[in-house]
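The figures here come from the full heavy-atom set of this structure, side chains too, leaving out hydrogens, waters and symmetry mates. Below, read A as the first sequence line, B as the second, and so on, with proteins coming before strands; counting in each chain starts at 1.
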Amino acid sequence: MDKSYNPRAIEQRWYQQWEERGYFAPSGQGESFCIMLPPPNVTGSLHMGHAFQDTIMDALTRWRRMKGDNTLWQPGTDHAGIATQMVVERKLQAEGRSRHELGREGFTDAVWQWKEQSGDAINGQMRRLGASVDWSSHRFTMDEDLSHAVRTVFVRLFDEGLIYRGKRLVNWDPVLRTALSDLEVLSEEEKGKLWHIRYPLANGNGDLVVATTRPETMLGDTAVAVHPEDERYQHLIGKELCLPLSNRIIPVIADEYVDREFGSGCVKITPAHDFNDYDIGKRHNLPLINILNPDASLNENVPEAYRGMDRFKARARIVADLEQLGLLERVDDHHLMIPRGDRSQAIVEPYLTDQWYVKIAPLAEPAIAAVNDGRITFVPSNWSRTYFDWMNRIEDWCISRQLWWGHRIPAWYDEQGAIYVGLDEQDARQRAGLTPEHALNQDEDVLDTWFSSALWPFSTLGWPEEGTRLQQFYPSSVLVTGFDIIFFWVARMIMLGLKFMHDVPFRTVYIHGLIRDGQGQKMSKSKGNVLDPIDLIDGIELEDLVQKRTSGLMQPHMAPMIEKATRTEFPAGIPAFGTDALRFTFAGLATTGRDIRFDLGRMEGNRNFCNKLWNAARFVLLQTEGQRIAAAEQPGSVDRWVLARMHRMVAAVESHFAEFRLDLASQVLYEFIWNEYCDWYLEFTKPVLQGTDEQAKAATRHTLLSVLETTLRTLHPIMPFISEEIWQRIRDLLGISGDSIMLQQFPRAQLPACAEPECGLDQEIDWLRDVIQGIRRIRAELNVAPGKPLQALFQSGSERDRDLLQRYSDIFSQLARIESYEWIDESRDTAQCAVALVGDLKVLVPLKGLVDVEAELVRLRKQLDSERSMLAKAESKLADRRFVKNAPDTVVEQEKERKVTHASNVAKLQDQYRQLESLRD
RNA sequence: GGGUGCUUAGCUCAGCUGGAAGAGCAUCGCCCUUACAAGGCGAGGGUCGGCGGUUCGAGCCCGUCAGCACCCACCA
């Protein structure tokens with residue numbers, strides 16, 4: 001074995017073998033366990049968030065697979081309508097072409113090509129991460145069978161009246177020229193102005209002042225509203241105004257919606273370009289005047305002077321014109337929420353169009369109930385509240401998009417505009433009994449990407465066909481995802497899963513935090529702070545990293561800043577850490593529900609951990625290779641001790657896994673492997689293995705191996721590669737048959753009942769460690785070289801101390817570097833010694849000629865202070881009658897023991913101090 | 001305007017049903033001791049955001065304030 005762990009040499013080899021041998025596919029036996037991979041968008045490559053998520057899913061999947069479950073981790077990718085169309089359009093643009101040039105078919109062909117390439121990259125990344133997905137069942141949301149599921153759902157919902165086409169205001173992205181759902185619009189506060197405009201009364205008797213943040217929409221005004229109880233305007237309700245610039249006559253209406261306190265208390269009403277005004281317009285039967293073209297330029301419904309102008313150009317012009325007419329009362333600075341499309345960043349306009357909608361209320365109700373009655377649980381549970389909040393206010397879902405890339409809506413129109421819905425044109429005709437001569441044209445639009453995503457838990461399993469996969473793996477077990485798509489995806493899967501499968505799509509929704517950079521910033525390409533998980537695995541030179549982060553930017557002027565920040569943060573680039581270290585780091589960071597600052601320091605610590613484990617394995621192999629290894633009839637006490645510790649660790653890991661606490665599971669593993677197995681047990685074995693007791697040696701060798709082997713299996717779900725590599729090397733020694741650790745059984749903890757002798761073992765070993773550490777501390781604090789052999793004296797111990805010392809004499813001597821020791825009489829002068837206390841036992845090191853008296857006095861003084869303060873604490877507690885009366889007996893008892901111990905320690909230390917002090921001068 | 005989460009060692013974070021504050025990294029000593037210098041052995045470092053309350057006892061429960069982060073929302 002190499003002297004240090006080299007992940008590069010082994011990872012890909014094992015993955016390839018696992019995949020080739022079909023280990024990832026469901027075994028067909030045992031209880032079903034299924035995780036649906038949230039299909040990544042085919043737009044690009046996996047980022048840290050994906051890698052984090054994949055680690056969690058893979059750990060859970062491997063764990064359940066090893067427990068004997070029939071395990072399916074369903075992989076796939078999402079066509080990501082808008083996002084992908086944009087990426088490909090941008091690519092075309094760079095080549096000086098446009099999608100219109102290619103035409104619809106040509107363009108979608110181009111997107112398919114892109115999808116192949118990008119999808120491959122994503123799958124390659126997942127392999128590098130060790131993801132044990134069942135590749136044979138990989139799906140893409142636009143595969144034919146999934147598309148069929150989409151059409152089937154559409155038709156059925158349409159037939160039930162749950163999908164309808166309607167003309168109403170939608171969020172319109174004028175750059176992409178498509179409708180968006182409410183979720184795809186993000187509002188942010190921006191600086192703007194509040195224009196106060198005078199609207200003259202039609203009868204010439206004065207005017208009304210309206211305040212608006214959008215003066216250009218006044219061209220579409222069809223009323224001005226005031227509050228019905230506003231005394232200032234009572235007399236004007238029902239009167240008419242002359243709308244400036246357009247010179248139309250519009251009424252003054254009264255509506256409760258108006259806030260008297262805001263602005264002038266008069267609101268211009270533009271039903272076709274504002275969601276509130278739309279509602280008011282409906283209440284008052286106002287006409288709708290659409291003044292925008294699809295690109296948000298003004299259309300033929302406005303005065304000629306403004307036609308064809310973009311809305312914001314028109315705004316400037318209108319404001320200027322109003323000013324000239326003396327109708328601009330004043331302009332205030334004003335902060336307002338600006339809605340933007342989440343992909344294009346374009347300012348979204350409320351726009352009157354025909355779109356397809358899903359009627360949500362009938363679907364939402366059972367979906368709320370499913371979480372309410374516990375058929376679905378959120379982990380952590382507080383996310384269910386977020387879910388309820390949204391579900392209770394949810395509105396109909398606009399599902400049509402004016403794009404080319406996606407599932408084309410399975411609806412056809414005839415020349416009269418009648419709608420025919422069907423799985424395909426033939427089906428639509430058949431359902432309506434149309435003759436072949438009846439001309440039909442298919443709807444040009446495609447469906448919202450999330451429509452197909454919502455079906456993912458059953459469409460990937462073969463629905464609408466009934467089949468064993470569907471039966472076995474629906475509902476899936478756990479959904480692992482980020483909070484950012486609870487609304488987009490989780491809620492919709494629940495609604496449609498319940499609707500079409502009559503059962504929830506998953507039992508548990510595990511919500512994880514967001515991976516941020518070291519400064520707590522969200523990672524994004526535009527900020528130039530993204531890390532490619534593969535770069536953490538393989539490492540990357542600084543120059544390459546800079547190059548990667550600064551190329552292909554939407555805002556190239558950011559490049560120098562990004563470069564500088566990158567050079568500061570990673571002056572030496574990023575070293576190769578390997579997949580297991582990355583996964584272990586993710587697991588350790590997977591605490592419930594909070595965002596995660598990615599810390600390279602932790603990454604490094606975990607790489608070191610891999611190396612530690614690697615070297616422990618080297619040691620074990622060195623001791624066992626070529627030996628006959630058999631289970632010992634009489635394992636020694638340190639063997640039994642480490643086995644007990646190991647079982648405790650296994651039990652803890654198991655329960656942490658069950659509660660999705662991978663952070664705690666990884667911590668328990670880390671501590672056992674490093675702090676128990678390596679730091680103590682391996683050291684304990686050395687004197688035995690160097691000794692002559694063949695039986696003890698055999699027992700030790702076996703324990704070394706079997707503890708390592710069991711630990712590797714416990715570790716495997718989180719660190720699949722190193723565990724496999726080492727396991728393969730020790731498998732034969734233990735006579736284990738089996739081709740891979742990933743097919744072995746996950747360890748089952750055997751916890752000793754407390755009546756068994758193992759319970760006393762812990763105390764014995766604690767004693768042993770205390771004695772060794774006492775001497776080590778004396779060495780370190782008094783600057784005695786670690787390797788220098790010392791003599792030790794023992795004084796005033798109990799029978800048990802004598803017994804233990806005798807039994808662990810070899811270990812003690814070697815680990816504490818003691819060449820000889822003896823028991824001395826109580827009355828013996830120990831002035832020339834440094835002391836360590838272990839219970840009643842005084843461990844003494846003669847320091848004549850080794851160190852100066854003053855240094856030891858300082859050391860004693862420090863110990864005394866600490867012992868005294870602890871004694872005082874215990875005494876004061878026990879002196880408090882209320883404490884003794886109210887606290888549970890065990891707590892009071894504990895306090896009494898502490899008092900005794902510390903009192904005894906103080907006495908001993910004082911005595912030692914006095915003796916030593918007498919040596920002064 | 002509603003809602004959620006966070007505030008613990010210099011940094012990144014654990015801390016289970018309230019019973020003497022933990023890890024990794026960083027820092028300071030001493031060591032190349034034949035598994036590992038990506039290491040070993042030791043050490044230092046915290047009035048657990050502020051205030052108030054409940055309790056024999058609070059990092060943990062309650063109230064309140066402050067700061068940070070995020071989500072949702074139609075005040076023109």
Side-chain angles (χ1 to χ4, degrees), chain A residues 1 3-5 187 194 210-214 217 225 257-259 261-270 274-279 334 336-337 339 350 380 382-383 385-386 389-390 393 483-484 486-487 513-514 516 518 520 522 575 581 585 588-589 591 593-623 655 659 661 663-664 667 670-671 675 678-679 682-683 686 773 776-781 783-787 814-815 817 870 873-874 877 880-888 890-892 894-895 898:
Chain A
M1 277 175 93
K3 198 172 168 183
S4 49
Y5 177 57
S187 292
L194 190 60
V210 302
T212 181
T213 54
R214 302 216 48 189
T217 63
Y257 161 78
V258 180
D259 177 358
E261 307 302 313
F262 190 91
S264 59
C266 302
V267 188
K268 62 191 268 314
I269 304 299
T270 323
D274 182 284
F275 288 102
N276 291 313
D277 295 4
Y278 182 76
D279 291 339
H334 185 68
L336 73 164
M337 300 297 277
N382 49 305
W383 287 109
R385 191 184 165 131
T386 308
D389 283 352
W390 189 68
R393 288 179 300 125
F483 58 83
D484 49 330
I486 291 180
F487 306 145
L514 207 71
R516 297 170 172 280
K522 219 167 169 170
T585 305
L589 292 170
T591 83
R594 79 142 103 188
D595 286 356
I596 293 148
R597 287 185 190 215
F598 194 78
D599 180 21
L600 264 198
R602 224 152 145 166
M603 190 74 226
E604 202 176 323
N606 290 330
R607 178 203 52 183
N608 296 354
F609 174 59
C610 291
N611 194 48
K612 187 74 182 175
L613 176 62
W614 182 255
N615 276 290
R618 274 183 56 202
F619 173 79
V620 173
L621 279 170
L622 217 61
Q623 302 302 334
S655 78
E659 288 166 0
R661 290 302 303 266
D663 58 327
L664 299 180
Q667 197 185 329
Y670 186 100
E671 277 167 8
N675 302 333
C678 292
D679 283 353
L682 292 194
E683 297 303 325
K686 287 176 183 174
Q773 282 178 313
R776 283 177 178 168
R777 212 165 292 135
I778 290 171
R779 262 182 208 282
E781 284 167 12
N783 272 322
V784 179
Q814 183 153 338
L815 300 207
R817 309 259 158 189
M870 287 190 283
K873 220 167 172 178
K877 268 196 181 177
D880 184 347
R881 238 182 256 162
R882 292 175 309 170
F883 170 76
V884 178
K885 193 175 145 216
N886 291 311
T890 52
V891 174
V892 176
Q894 186 185 33
E895 219 53 46
R898 280 176 184 156

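- G53(B) and A58(B) are spaced 12 Å apart, taking the P atom of each and rounding to whole Å.
- Considering only side-chain N and O atoms, Arg777(A) lies nowhere under 4.0 angstrom from the phosphate OP1 or OP2 of G42(B).
- Donor-acceptor pairing under 3.5 Å, judged by distance alone, is absent between the side chain of Lys885(A) and the base of C56(B).
- Using a 4.0 Å heavy-atom distance criterion, Cys678(A) is classed as a base contact.
- For the P atom pair drawn from C48(B) and C30(B), the interatomic distance equals 34 Å after rounding to whole Å.
- With distances taken from any side-chain atom of Phe487(A) to the nucleotides C71(B), C56(B), G24(B), the minimum falls on C71(B).
- Contact annotation: side chain of Glu671(A) to base of A14(B), donor-acceptor pair absent below 3.5 Å.
- In this structure, CD of Glu604(A) is placed 14 Å from P of G24(B), rounded to the nearest angstrom.
- Among the atoms of the strands shown, only primed sugar atoms or phosphate atoms (P, OP1, OP2) are found under 4.0 Å from some heavy atom of Thr213(A).
- Contact check, Thr591(A) against A14(B): a side-chain N or O comes under 4.0 Å of OP1 or OP2.
- Picking from A35(B), C70(B), A76(B) the nucleotide with the shortest atom distance to the side chain of Leu622(A) gives A35(B).
- Judged by atom type and distance alone, Arg898(A) reaches the base of A20(B) through a side-chain donor-acceptor pair under 3.5 Å.
- Glu895(A) places none of its side-chain heavy atoms less than 4.5 Å from the side chain of Lys873(A).
- The side chain of Asp679(A) sits closest to C41(B) out of G24(B), A73(B), C41(B).
- When the C1' atom is used for both G22(B) and C65(B), the distance is 29 Å, rounded to whole Å.
- Counting non-hydrogen atoms under 4.0 angstrom, Arg393(A) reaches the backbone sugars and phosphates but no base.
- Both Val258(A) and Asp389(A) lie close to RNA chain B; mapped to their nearest nucleotides by heavy-atom distance, the more 5′-ward contact belongs to Asp389(A).
- Across all strands, Phe262(A) comes closer than 4.0 Å to base atoms (heavy-atom distances).
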Once pairs are restricted to Watson-Crick or G-U wobble with both distances under 3.5 Å, how does RNA chain B read as a dot-bracket string, [ ] for crossings and | for other-strand pairs? (((((((..((((.....[..)))).(((((.......))))).....(((((..]....))))))))))))....
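- If you take CG of Asn608(A) and P of G24(B), they are 12 Å apart, rounded to a whole angstrom.
- Residue Gln773(A) has no polar side-chain atom (N or O) positioned under 4.0 Å from OP1 or OP2 of C41(B).
- Comparing Glu261(A) and Arg776(A) by the nucleotide of RNA chain B that holds the closest heavy atom to each, the one mapping nearer the 5' end is Arg776(A).
- Contact annotation: Lys686(A) does not reach the phosphate of U34(B) (side-chain N/O to OP1 or OP2, under 4.0 Å).
- Between Gln667(A) and Glu671(A) there is a side-chain heavy-atom pair separated by less than 4.5 Å.
- When heavy atoms are screened at a 4.0 angstrom cut-off, Gln623(A) is found touching no nucleic acid atom at all.
- Nucleic acid contact class of Val620(A) (heavy atoms, under 4.0 Å, all strands): none.
- Nucleotides C36(B) and U17(B) place their P atoms 43 Å apart, quoted to the nearest Å.
- Classified by interplanar angle (parallel below 30°, tilted 30° to 60°, perpendicular above 60°), the ring pair Phe262(A)/His334(A) is perpendicular.
- Out of A20(B), C56(B), A14(B), the shortest distance to the side chain of Lys873(A) is found at A20(B).
- Nucleic acid contact class of Tyr257(A) (heavy atoms, under 4.0 Å, all strands): base.
- Note on Asp880(A): only backbone sugar-phosphate atoms sit closer than 4.0 angstrom, heavy atoms only; bases stay farther off.
- The gap from the P atom of G24(B) to that of G39(B) amounts to 11 Å, rounded to the nearest Å.
- One interatomic measurement links the two molecules: NZ of Lys522(A) to P of C68(B), which rounds to 19 Å at whole-angstrom precision.
- To the nearest whole angstrom, the two P atoms, one in C61(B) and one in U7(B), are 11 Å apart.
- The closest side-chain donor-acceptor pair between Asn606(A) and Thr585(A) falls under 3.5 angstrom.
- Here G18(B) presents its P atom at 16 Å from CZ of Phe883(A), a figure rounded to the nearest Å.
- One finds no side-chain N or O of Arg602(A) lying less than 4.0 angstrom from the OP1 or OP2 phosphate oxygen of C13(B).
- Between Phe598(A) and Leu589(A) the shortest side-chain heavy-atom distance falls below 4.5 Å.
- Within the nucleic acid shown, Asp259(A) comes within 4.0 Å of at least one base atom, counting heavy atoms only.
- Set against G24(B), C75(B), A35(B), the side chain of Lys612(A) has A35(B) as its closest nucleotide.
- Across all strands, Lys268(A) comes closer than 4.0 Å to no nucleic acid atom at all (heavy-atom distances).
- Comparing A38(B), C30(B), C70(B) against the side chain of Arg607(A) picks out A38(B) as the nearest.
- Residues Lys686(A) and Phe619(A) form a side-chain contact, since some pair of their non-hydrogen atoms from C-beta on lies under 4.5 Å apart.
- Between Gln894(A) and A20(B), a side-chain N or O to OP1/OP2 separation shorter than 4.0 Å is present.
- Using a 4.0 Å heavy-atom cutoff across all strands shown, Tyr5(A) reaches at least one base atom of the nucleic acid.
- When distances are taken from the side chain of Leu664(A) to each of G42(B), A14(B), A76(B), the shortest belongs to A14(B).
- Distances shorter than 4.0 Å separate none of the side-chain N or O atoms of Asn615(A) from OP1 or OP2 on G39(B).
- Within the 4.0 angstrom heavy-atom criterion, no nucleotide atom of any strand lies near Met1(A).
- OP1 or OP2 of C56(B) lies within a sub-4.0 Å distance of a side-chain N or O belonging to Asn886(A).
- The nucleotide whose nearest atom lies closest to any side-chain atom of Arg385(A) is, among U4(B), G24(B), A76(B), U4(B).
- Comparing the same atom, C1', in C31(B) and in U47(B) gives a spacing of 38 Å after rounding to whole Å.
- Base engagement by Leu682(A) is indicated by at least one non-hydrogen atom pair under 4.0 Å involving a base atom.
- Nucleotides C13(B) and G19(B) are separated by 25 Å at their C1' atoms, to the nearest Å.
- Across all strands, Glu659(A) comes closer than 4.0 Å to no nucleic acid atom at all (heavy-atom distances).
- Among A76(B), A37(B), G19(B), the nucleotide with an atom closest to any side-chain atom of Lys3(A) is A37(B).
- The shortest distance between the side-chain N/O atoms of His334(A) and the OP1/OP2 oxygens of C75(B) is not below 4.0 Å.
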